Asker: 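Provided herewith is a single structure, encoded as structure tokens, for subsequent inquiry.
Just so it is clear, the structure is predicted and the values come from calculations on it, not from any experiment.
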Amino acid sequence: MQAVGALFKVILGLVGGLVALALGIIFPVGGLYWMWVAIQIGSFWMFVLGVIPPAWPVTSIVGAYSLLFGVPHWVFNWFA
């Protein structure tokens, strides 16, 4: 029974480490892509929003989503 608990801890630690690594890669890439889209559509305010640190969690997530699935229409409606 103790072996199962130890194995569970190892698996949980591995999964947690992989999630942390993925977020550590996705957040900066998403933020950079947000800035790239801002430059491409010529939106000064979108660029400014990408520079403000409290907005980074939102802009990074939307930037990562945009990189994978395309820029959402509401981004163009708000900023373009």
Side-chain angles (χ1 to χ4, degrees):
M1 195 64 166
Q2 289 178 349
V4 173
L7 180 63
F8 182 73
K9 284 183 181 181
V10 168
I11 292 172
L12 190 61
L14 179 64
V15 170
L18 289 175
V19 167
L21 181 63
L23 289 176
I25 292 171
I26 288 174
F27 264 56
V29 171
L32 289 172
Y33 192 72
W34 174 272
M35 302 297 276
W36 175 251
V37 170
I39 292 168
Q40 291 300 308
I41 65 174
S43 175
F44 173 75
W45 291 112
M46 185 175 173
F47 188 86
V48 168
L49 190 64
V51 175
I52 299 171
W56 287 349
V58 174
T59 59
S60 296
I61 291 169
V62 174
Y65 178 88
S66 299
L67 183 61
L68 295 174
F69 303 110
V71 181
H73 292 289
W74 63 267
V75 172
F76 289 119
N77 291 338
W78 283 13
F79 297 108

Asker: Are V29 and F69 grouped together when hydrophobic residues (ILVMFWY) are joined by side-chain heavy atoms under 4.5 angstrom apart?
Answerer: no
Asker: Could you list the residues that satisfy side-chain contact (heavy atoms from CB on, under 4.5 Å) with I11, not counting sequence neighbours?
Answerer: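 I11 satisfies side-chain contact (heavy atoms from CB on, under 4.5 Å) with L7, V15 once adjacent residues are dropped.
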Asker: Side-chain heavy atoms under 4.5 angstrom apart, residues restricted to Ile, Leu, Val, Met, Phe, Trp, Tyr: same cluster for L67 and L23?
Answerer: no
Asker: Sequence neighbours left out, what passes side-chain contact (heavy atoms from CB on, under 4.5 Å) with V58? Give chain and number order.
Answerer: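 V62.
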Asker: Throw together a table of side-chain donor-acceptor distances under 3.5 angstrom for residues 30-51, partners on residues two or more places apart or in other chains.
Answerer:
from, atom 1, to, atom 2, distance (Å)
W34, NE1, M46, O, 3.0
S43, OG, M46, N, 3.1
S43, OG, F79, O, 3.1

Asker: With a cutoff of under 4.5 Å between side-chain heavy atoms, which Ile, Leu, Val, Met, Phe, Trp and Tyr residues group with F8?
Answerer: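 Taking Ile, Leu, Val, Met, Phe, Trp and Tyr as members, F8 shares its hydrophobic cluster with L12.
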Asker: My understanding is that only residues two or more places apart in sequence, or in another chain, count here; which of them pass ring-ring contact (aromatic ring centres under 6.0 Å, His included) with F27?
Answerer: none
Asker: Once side-chain contact (heavy atoms from CB on, under 4.5 Å) is applied, do any residues pair with P72, and if so which ones, sequence neighbours excluded?
Answerer: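 P72: side-chain contact (heavy atoms from CB on, under 4.5 Å) contacts with Y65, S66, W74, V75.
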Asker: Search all heavy atoms of P28 against all heavy atoms of I25 and return the closest pair with its distance.
Answerer: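 Looks like CD-O, 3.4 Å.
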Asker: Who else is in W56's hydrophobic cluster (ILVMFWY, side-chain heavy atoms under 4.5 Å, direct or via others)?
Answerer: none
